[in-house]
Amino acid sequence: MTDPFADAAAQRPAAPTLPADHPLLRGLNPEQLAAVTLPPVPALVLAGAGSGKTRVLTTRIAWLLATGQASPGGILAVTFTNKAAKEMLARLSAMLPLNVRGMWIGTFHGLCHRLLRAHHQSAGLPATFQILDTQDQLGAIKRVLKERRIDEDRVKPKELQWFIAGAKEDGLRPHDLSARDEDTRLKIELYRDYEAQCQREGVVDFGELMLRAYELLRDHEPLRVHYQRRFRHLLIDEFQDTNRLQYAWIKQLAGDDVGGRFVPCGNAVMAVGDDDQSIYAFRGARVGNMSDFVREFGIAAPIKLEENYRSVGHILHAANHLIDHNRQRLGKQLRTAQGQGDPLRVVELPSDFEEAQWVIDEIRHLMREDGVPAHEIALLYRSNAQSRALEGALFNAGIPYRVYGGLRFFERAEVKHALAYLRLLENPHDDTSFLRVVNFPPRGIGARTIEQLQQAAREAGCSLHDAATAVGGKGGAHLVAFVAKLDVMRERSAGRPLREIIEGVLADSGLIDHYRGEREGAERIENLQELVNAAESFVTQEGFGREAVALPLDETAAATVDADAAETGETLSPLAAFLTHAALEAGEHQAQAGQAAVQLMTVHAAKGLEFDAVFITGLEEGLFPHDNSLSSPDGLEEERRLMYVAITRARRRLYLTHAQTRMLHGQTRYHIPSRFLDELPQESVQWLSPRRARAAAGGWGAAAAPGALVQPAWGRSGLGDERPAGLAGIPAAAPPSSSPPAVSASGAEIRKGMTVFHTKFGEGRVLAIEGQGADARAQVDFRRHGTKWLALAVAKLTPVA
DNA sequence: TATTTCTGAGTTTTT
DNA sequence: CTCAGAAATA
């Protein structure tokens, strides 16, 4: 093949075909400008936190289009999350009047899905293949174990799932694996079984989407060549997070394997990433891809974006200083044109409760005195369990908050049930979906019947759907009726608009009726209604069918590539497109209190976001860095990068808190301050005591020695009766005083285990009692309001007979 | 089949 | 402690 850019590595100077004062280029700094206007050669852009990475990426695309160096169809831009892809698209269409159609901008999985739909035959998949999410995959794996009669204690389903996903991330099929021990041998066998089962059912998991698409390109030369010629410009976001397979997939589009050596075909691959923000090694991300990329694509020197537009000087200085403790780095120093700002504030507190309370007081201060809006305040923590104490304190203080993470819309049980019915309309052989709803709502098909059905299907080598008639007895009759019902639903939905299809299924399946009779059913019905709305807006806003549309093959390729359906213009049905949407875009995490809410999330979830004020909580050895990461130097370095990510989220104010004691796994644990605190530049850090020191200093607090014992001076006023009593009197080194069995308060005796009444929270059960006299407090599990600690001296608790 | 009791594990997570 | 999933029981 002719290679128009064979001398790519020479990095010729930029030769823009438009003047340098082109509106697109306005306001770019020299490094950004260099990246945006780079000639079409492979390049690595090292984009520091807050350095305008997304801007560079989108402006680059806009520049290529505006200068006629590329057409929309000739660009492929890939991200990790739908959010990032959407943002890119949004910013791009704000820059250029542009037809988004036909542009390949999306997530790795989204783009691979597109390829597989277009070439499902070549990829060996049925046209109606469905996508398994992580839950579905685990279910499918459990079925494999059951069929093999392997006890789940012998091979843990989760472990097998990890094994299979890991193998796929490395691009390995069962036959690529060799066993050293019996355990692994068995897992490989089960991996093989799992693959066969998925193939039989016409389903693919997330890893399979990537791996199939990779193999499709690898094994079908004409197809590969076609896409290589089409996508002259490849842009990869968050390159440090790519796994082996994702990098291998990109290489398929950017060159060929010649005798085991990668030879680039001259496409302009722009990899954008930051090795200092690589925090996903645990799920297969391989920072090493960056150095491989430099070597395999002959990159002379990376373009470094080191000008930070986000944070004040002290914060950047702290980030730079901390990350400097890592040995494995490409090397980068963030700088800012902003002033120094306030130094970082480090606070030590006696317990996680006091930590939460201190944070709340500070939030109040930020909101009232400094006018920081609630949604510009973020509370970060290393692990999800830590949110509890913070949430409790926020709730009691009446401050609106929003917690990231948790169940997402398309992952809710009722929504998954509805989707399973819809999937069965598309692909009746999807046994995962079949099993999910064969007896939901209950229709007299018990475990016994299902057992028989699976046996019959196994013997006949067919799907559960097709084996339904083979089961006798009452259960068999119910099965036949169920299958008939599915068939009727399918017939009824033919040619109908998506909305009607879903509404029909919700009614005909009996889901709505079933939830109508349930206690908590109202909310579930609401969610099902929301599913209809989601489908409606999907059809009108997103459109459908576009997914599978590919540009016509060029002449040479068209002659040799088999004429797969979608490639010749056939489009996906609205239902199929919507199901894909549901599988690949699980939807927003539950949006809670909307706009004016303090944001709570793990440090991982905070990546890519920024806030005026950030609290990093729980900075203790064992927690952050986490115990489990300390066994290897790499682990510790990743924790440090995580800390780096956390620090660089803050624009103006950064607080770092740690507690001497913390409730963990039901018992109080004692922690020493995180080593990361010692790795900060002391000139940018202010060690605070709570209130008292601050009050004495008349504002932002006085400096104290690192680790100085903090004497909290909580007043009784204005904190509400739900606030847990302070542990001020407890010396740091001694265990907390043991709980007395009973406490006398407001004349009545409150005991562990008894039921009590509270004027605001109603009835609850006393779970525990701690402390004595004025400090006595009780933990009460209120039916409607959850578990709370109440100071008995203040709370009005009355025993209930 | 539905509810309750028990057991065990407990970093980080998108697709 | 707290939640999820399995086993046990009505």
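- Mapping A/Thr602 and A/Gly666 onto DNA chain B by nearest heavy atom places A/Gly666 closer to the 5' end of the strand.
- The separation between A/Phe108 atom CZ and B/dT13 atom C1' is 16 Å, rounded to whole Å.
- Phosphate contact (OP1/OP2 of B/dT11, side-chain N/O of A/Arg283, threshold under 4.0 Å): absent.
- At the phosphate of B/dT15, OP1 or OP2 sits under 4.0 Å from a side-chain N or O atom of A/Asn82.
- Separating the CH2 atom of A/Trp162 from the P atom of B/dT12 is a distance of 13 Å, rounded to the nearest angstrom.
- A salt bridge is absent between A/Arg641 and A/Asp275: the closest approach of a Lys/Arg side-chain nitrogen to an acidic carboxylate oxygen does not fall below 4.0 angstrom.
- Which of B/dT12, B/dG10, B/dT15 sits closest to the side chain of A/Thr107 comes down to B/dT15.
- Screening residues 438-450 of chain A for salt bridge (Lys or Arg N to Asp or Glu O under 4.0 Å), with sequence neighbours left out, gives no hits.
- In this structure, OH of A/Tyr404 is placed 24 Å from P of B/dT11, rounded to the nearest angstrom.
- Expressed to the nearest 0.5 Å, how far CZ of A/Phe129 lies from SG of A/Cys198 amounts to 12.5 Å.
- If you take CG of A/Leu380 and C1' of B/dT11, they are 15 Å apart, rounded to a whole angstrom.
- Among residues two or more places apart in sequence or in another chain, the salt bridge (charged side-chain N to carboxylate O under 4.0 Å, His left out) test is passed with A/Lys251 by A/Glu296.
- Under 4.0 angstrom from either OP1 or OP2 of C/dG5 there lies no side-chain N or O belonging to A/Lys158.
- A salt bridge links A/Glu208 with A/Arg173: at least one charged nitrogen is closer than 4.0 Å to a carboxylate oxygen.
- With rounding to whole Å, A/Lys86 atom NZ is found 14 Å from B/dT14 atom C1'.
- Nucleotide B/dT11 holds its P atom 16 Å from the CD atom of A/Glu638, rounded to whole Å.
- In this model, the phosphate group of B/dT11 is not approached by any side-chain N or O of A/Ser629 to a distance below 4.0 Å at OP1 or OP2.
- Remark: ring of A/His626 stacked against base of B/dT11; centroid gap under 5.5 Å, plane tilt under 30°.
- Residue ring and base: A/Phe282 counts as stacked with B/dT12 (centre distance below 5.5 Å, interplanar angle below 30°).
- In this structure, A/Asp136 atom CG and B/dT15 atom P are separated by 16 Å, rounded to whole Å.
- Salt-bridge annotation for A/Lys53 and A/Asp237: present, with a side-chain N of the basic residue lying under 4.0 Å from a carboxylate O of the acidic one.
- Between A/Asn384 and B/dT12 there is a side-chain polar atom (N or O) within less than 4.0 angstrom of OP1 or OP2.
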Please write out the pairs of protein N or O atoms and N or O atoms of nucleotides 1-6 of chain B separated by less than 3.5 Å, giving the distance to one decimal.
none

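- Comparing atom distances between the A/Thr81 side chain and each of B/dT14, B/dT12, B/dT11 picks out B/dT14 as nearest.
- Salt-bridge annotation for A/Asp430 and A/Arg423: present, with a side-chain N of the basic residue lying under 4.0 Å from a carboxylate O of the acidic one.
- Distance A/Leu138 CG to C/dG5 P: 9 Å, rounded to the nearest Å.
- With C/dT2, B/dT12, B/dT15 as the choices, the nucleotide that has an atom nearest any side-chain atom of A/Thr134 turns out to be B/dT15.
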